[in-house]
Amino acid sequence: MNIGKSVVIKGDLSGSEDLTIEGQVEGKIELRQNVLTIGANGKIKAAIFAKIVVVLGDVQGDITASERIDIRDSGSVDGDLS
């Protein structure tokens with residue numbers, strides 16, 4: 001699933017499929033069994049819980065991943081990683 005760069009979500013986001021976010025999310029993101037990709041245009045202010053998190057955009061908030069966190073060259077994270 002893909003959230004486009006013009007989409008703004010305020011609140012909790014949860015699901016059971018892999019997700020790519022190019023837009024803005026404020027709140028909490030829970031995809032505990034899935035892969036979350038923050039695209040290059042993504043701007044996230046949220047606590048993130050996922051199996052794998054790939055960051056190409058900007059994240060403000062803590063990231064908790066059960067397998068791995070992958071921060072690419074274009075990505076930035078202001079928060080705790082676990």
Closer than 3.5 angstrom, by distance alone: can the side chain of Glu22 be matched with the main-chain N or O of Asn41 as a donor-acceptor pair? yes
When you measure from the side chain of Asp18 to the backbone of Val35, do you find a donor-acceptor pair of N or O atoms at a distance under 3.5 Å?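 A pair under 3.5 Å: yes.
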Residue among [options] satisfying side chain to side chain contact (heavy atoms under 4.5 Å, CB included) with [X]:
X     : options                    : answer
Ile44 : Asp58, Val55, Leu13, Ile29 : Ile29
Ile63 : Asp80, Ile71, Val53        : Val53
Ile21 : Val7, Ile9, Leu36          : Leu36

As an exercise, state the distance from CG of Asp78 to NZ of Lys45, rounded to the nearest 0.5 Å.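 One gets 10.5 Å once the value is rounded to the nearest 0.5 Å.
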Could you grab the distance from atom CD of Glu17 to atom CD of Gln33, nearest 0.5 Å is fine? 14.0 Å
Please enumerate all residues that pass salt bridge (charged side-chain N to carboxylate O under 4.0 Å, His left out) together with Lys28, with sequence neighbours excluded.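 Expected list: Glu30.
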Measuring only between side-chain heavy atoms, which start at C-beta, is Ile38 closer than 4.5 Å to Leu56?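 No, side chains not in contact.
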Ignoring hydrogens and angles, state whether a donor on the side chain of Asn2 or Thr20 is under 3.5 Å from an acceptor on the partner side chain. no
Under the side chain to side chain contact (heavy atoms under 4.5 Å, CB included) criterion, do Lys51 and Asn34 qualify, and how do the steps go? CA-CA 5 Å; Lys51 184 163 115 178; Asn34 301 90; 5.7 Å; no
In terms of heavy-atom contacts, Ala65 and Ile69 come closest through CB-CG1, 3.5 Å
Would Met1 end up clustered with Ile48 when hydrophobic side chains under 4.5 Å apart are linked, directly or stepwise?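 The answer is yes; both residues are in one hydrophobic cluster.
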